[in-house]
Amino acid sequence: MSAPAGRPLHLAAFFQGVNHTTVWSDPAAGSQVAFSSFAHMARTAERGTFDFFFLAEGLRLREQKGLIHELDVVGRPESIAVLSALAAVTTHLGLAATMSTTFNEPYELARRFATLDLLSGGRAGWNVVTSSDAFTGENFRRGGYLQHHERYSRAAEFTELARALWASWEPGAVLGDRALGRFLDDARVHEVVHSGPQFDVRARATLPPSPQGRPVVIQAGDSEEGRDFAASTADVIFSRHSTLEAGRAFVADVRGRAVRSGRRAGDVKVLPAVSWVLGASAREAAERAEQIRFQQVTPATAIAFAEQVWNRDLSDCDPDGPLPDVEPVEGELLSQGRAASRRIDRAAVSAQWRELSRTRGLTLRETAAEMSSHQSFVGTPEQVADEMIAFVDADACDGFVLTPHLNPHGLDDFVDEVVPLLRERGRFRTEYTSTTLRGHLGLEG
Amino acid sequence: MTTPTYAVGTALDGAGDAPGAWRLPTAPDLTAFDGRAARDAALLAEAAGLVFATLDDALALPEPAPGRLRGRLDALATACWLGPQTSRLGLLPTVTLTHTEPFHVSTATATLDLVSEGRAGVVVDVSTDAASAAAIGRRAPAPADLVWAQAEDVVEAVARLWDSWEDDAVVRDVATSRFVDRERLHHVDAPVRAADPGPGGPTGAFTVRGPSIVPRPPQGRPVVAVRVPVATPAGAARLRTAALRADLVLLTGADLAGTREAAQRVRAAAAGLGREVRVLASLRVVLGDDDTAARGRAEELDALGADGVPAFVGTAAGLAAQLERTSAAVGGWLDGVELRPAALAEDLPRIARDLAPRLAASGLLATAGPGATLRDRLGLARPASRYARAAVSS
């Protein structure tokens, strides 16, 4: 099942909006919301002939101990609106947005993505997520709590319905016959009729397919159901398995699932989120990486992280002292609005923190920085390029979603210094050979 | 700082306001659904100095009708796409509120304001049709009075969310490691009043917790417009929503003279609620080099598809004279006009070439200063957030 060596990488750029890894305190940090910030990073990604630009979603501000979390970058524009604007200032770059199937309706969201897809000439992508908590639901008229298993059945039904709407205008449906006054051929505009556990819809789309046929579907779920859904449905999997060994295991697993669901192994591209730090020497890069980790994990952020793991108030702890000497507690969550806080195995993760702290003699803050913020690729541009290629050759992924630690200039050094090396090694495109996102990814329509 | 100014805008929809406009040999090609016709029209309107442009929308595909143009892009996304391609033109997409979550309406319109650097507005509308209701599949269609009453509450929720981040909420305070100050972020969840027919029926009273996920937009609040047909009776929920929530009211369904009574009704309704609104006529225009030519064009358009919508048919000079006479600044009753070119490819160039210079000469069309927001150009003050603490002198 291993892919042939020498295959090209796929690269995406992630403009992060709510997270601790975006360093806002750096003098080079710009606006998180100004259009010029988004335009700069998107243009940089396009200069680097990236496959796509990617935005995440969060529909409620995070809280900790019942209060809005203040330490991280927060506050971001609505994704499809931003990408529609970016479609006007880019020409080839794919434009992908994360959108919840829980807090949207299929007809409406399918129509918004279809619009982005047409305005961009076939460059839209949708990262299908299944947020479900009642906390987020409080921002919505309809509420929104779903049981975990219902999340994926809703996502599957939603995606199927969106794809039916995107395919509902046959080729030739748009006549534009001025003499006869027939703009559409209604025999080729099909009504989508759907009745299922989550949705009961009868609709005609208002738009034809775009030049790429339909938006690319991305998925990031990691549970059993999430992997099955992604392997059977998605064009791209946005993975969190960013180490070589974890990546190999994940790729083998989801390719197996894809084949079992009747697809070819290569029909799903796996792109883990990764970070990087460059330096003139390996040592310089390592030093920079450490500095960045301490910018990311301030003393206050270190305490907040420990509280998320321990699920208890640790405001009395000294960030430059030892780890808390108390045990984690289960029960009502201290931290709201983070998917990771719900999943965590507190006993195991706190044991990992303690092990790391003991064996390396690290303080609470140093431990938090190691646990939360260790960069994926640290080295000279040559080292980073070679290591990335090695990941793909080892079947640990098909490419990467790059997560800069600075907005909006965080992607600049990668495009200027690493992309040329990937190109020299024949592993990344030197110019776009397609105008659509589906084309960039080598996916069939 | 700001003074009321006469506002001249245009509609960008389709190939023009006349149903048969897309069939003219000069009409733009709309078959690719790529937004280019709207962009070309927006650039022409901007170059002519117009203040704003509207984009129509509806959720569902209309039923088949002979000669009719059908199918359209989402107007809000299209307006966002126009944002970076324009620099002075206000952008007002129609957004239907009946089926869409208030939270999404608020964040997407705030984002239009960001990507256009302060030129966002929204023409709020409702859906009463069965096709829109079936396409969403969450509620049965409901009568206009009910959905407009709900729209009044949705606009309130949307505006509270715009206000939920104070302007200075992002503090980037390195000393305390805080990116935001939570004291300047606000829940908005006082219940929003609504008549609620109960489960299975139209959605009723609701709360939205907030705060928004988008910081306060450049204009504080994007400009809110409501279309009101001149025949709307005084007690209608639509009129109340316009009087209570709108910055701009667009009067439809009449020629200029025919908007007089409705304008007074709208102003009286707003005054009764302690507000002022700007009242604009929304007017289809068919222009010609002389009246005979204009009438010939109107007949040609009617032959391609007639809908009985009143229109101004005549010369640019004649239209300019009517607009000047009916302007509130000289004792008339209108604060501006949304010109709806009957055929975009023919009437918008005439508006740009023949009408706009006349309006500029008579003071109805002012040049935009650099960086002017839509509010600036309309003479509307930037509102403070309702949640902002009283300024503390230090």
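The sequence lines fix the lettering, A, B, ..., with proteins before strands; numbering per chain opens at 1.
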Looking at [atom1] of [X] and [atom2] of [Y], how far apart are the two atoms once the value is rounded to the nearest 0.5 Å?
X        : Y        : atom1 : atom2 : answer
B:Ile136 : A:Phe199 : CD1   : CZ    : 10.5 Å
B:Asp74  : A:Glu108 : CG    : CD    : 8.5 Å
A:Glu57  : B:Ile213 : CD    : CD1   : 7.0 Å
B:His187 : A:Glu138 : NE2   : CD    : 8.5 Å
A:Glu78  : B:Cys80  : CD    : SG    : 8.0 Å
A:Leu61  : B:Ser164 : CG    : OG    : 7.5 Å

Looking at B:Arg36, I want to see if its CZ is surrounded by more than 12 non-hydrogen atoms of other residues, nucleotides or ligands under 6.0 Å.
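Counting other residues, nucleotides and ligands, CZ of B:Arg36 stays at 12 neighbours or fewer.
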Are more than 12 heavy atoms, taken from residues, nucleotides or ligands other than B:Glu117, located less than 6.0 Å from that residue's CD atom?
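No - once you tally the heavy atoms of other residues, nucleotides and ligands closer than 6.0 Å, there are 12 at most.
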Say whether, by atom type as modelled, one donor and one acceptor occur between the side chain of [X] and the main chain of [Y] under 3.5 angstrom.
X        : Y        : value
B:Arg182 : A:His69  : no
A:Tyr107 : B:Ser132 : no
A:Asn139 : B:Val208 : no
A:Arg178 : B:Ala27  : yes
A:Thr206 : B:Ala60  : no

Do B:Asp57 and A:Arg111 meet the salt-bridge criterion of a basic N to acidic O distance under 4.0 Å?
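Yes, this pair counts.
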So do [Y] and [X] actually touch side chain to side chain, heavy atoms under 4.5 Å?
X        : Y        : answer
B:Leu61  : A:Trp169 : yes
B:Thr78  : A:Thr115 : yes
A:Val74  : B:Phe179 : yes
A:Leu118 : B:Phe33  : yes
A:Val82  : B:Thr111 : yes
A:Leu119 : B:Asp34  : no
B:Phe103 : A:Leu59  : yes
B:His99  : A:Glu105 : no

Winner by heavy-atom pair count (cut-off under 4.5 Å) against chain B, out of [options]:
options                               : value
A:Thr301, A:Leu165, A:Asp177, A:Leu67 : A:Leu67
A:Val18, A:Val73, A:Asp200, A:Ile80   : A:Val73
A:Ala85, A:Gly58, A:Ala203            : A:Ala85
A:Leu83, A:Val33, A:Leu86             : A:Val33
A:Val89, A:Thr298, A:Asp186, A:Val192 : A:Asp186
A:Phe38, A:Phe35, A:Trp24             : A:Trp24

Which bit of [X] is near chain A, if near means a heavy-atom gap under 4.5 Å: side chain, backbone, both or neither?
X        : value
B:Pro25  : backbone
B:Asp181 : both
B:Ala133 : neither

Check for me whether the distance between the ring centres of A:Phe103 and B:His104 falls short of 6.0 Å.
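No, they do not, as the ring centres are separated by 6.0 Å or more.
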For B:Phe206, is the NZ or CZ atom of A:Arg141 found under 6.0 angstrom from the centre of its six-membered ring and inside 45 degrees of the ring axis?
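Yes, a cation-pi geometry holds between A:Arg141 and B:Phe206.
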Determine the interplanar angle of the A:Phe183 and B:Trp22 rings, folded into 0 to 90°, and report it as parallel if under 30°, tilted if 30 to 60°, perpendicular if over 60°.
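Plane angle over 60°, so perpendicular.
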Contact leader toward chain A among B:Ala77, B:Gly71, B:Gly35, where contacts are heavy-atom pairs under 4.5 Å
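Most heavy-atom pairs within the cutoff with chain A belong to B:Ala77.
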Under a 4.5 Å heavy-atom cutoff, which of B:Leu69, B:Leu30, B:Thr100, B:Leu304 has the most pairs with chain A?
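That would be B:Thr100.
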Closest approach of B:Arg172 to A:Ser31 (non-hydrogen atoms, all atoms of both residues)
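Closest approach of B:Arg172 to A:Ser31, heavy atoms only: NH2-CA, 3.9 Å.
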What residue among A:Leu184, A:Val174, A:Leu175 forms side chain to side chain contact (heavy atoms under 4.5 Å, CB included) with B:Thr31?
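When side chain to side chain contact (heavy atoms under 4.5 Å, CB included) is applied between B:Thr31 and each of A:Leu184, A:Val174, A:Leu175, only A:Val174 qualifies.
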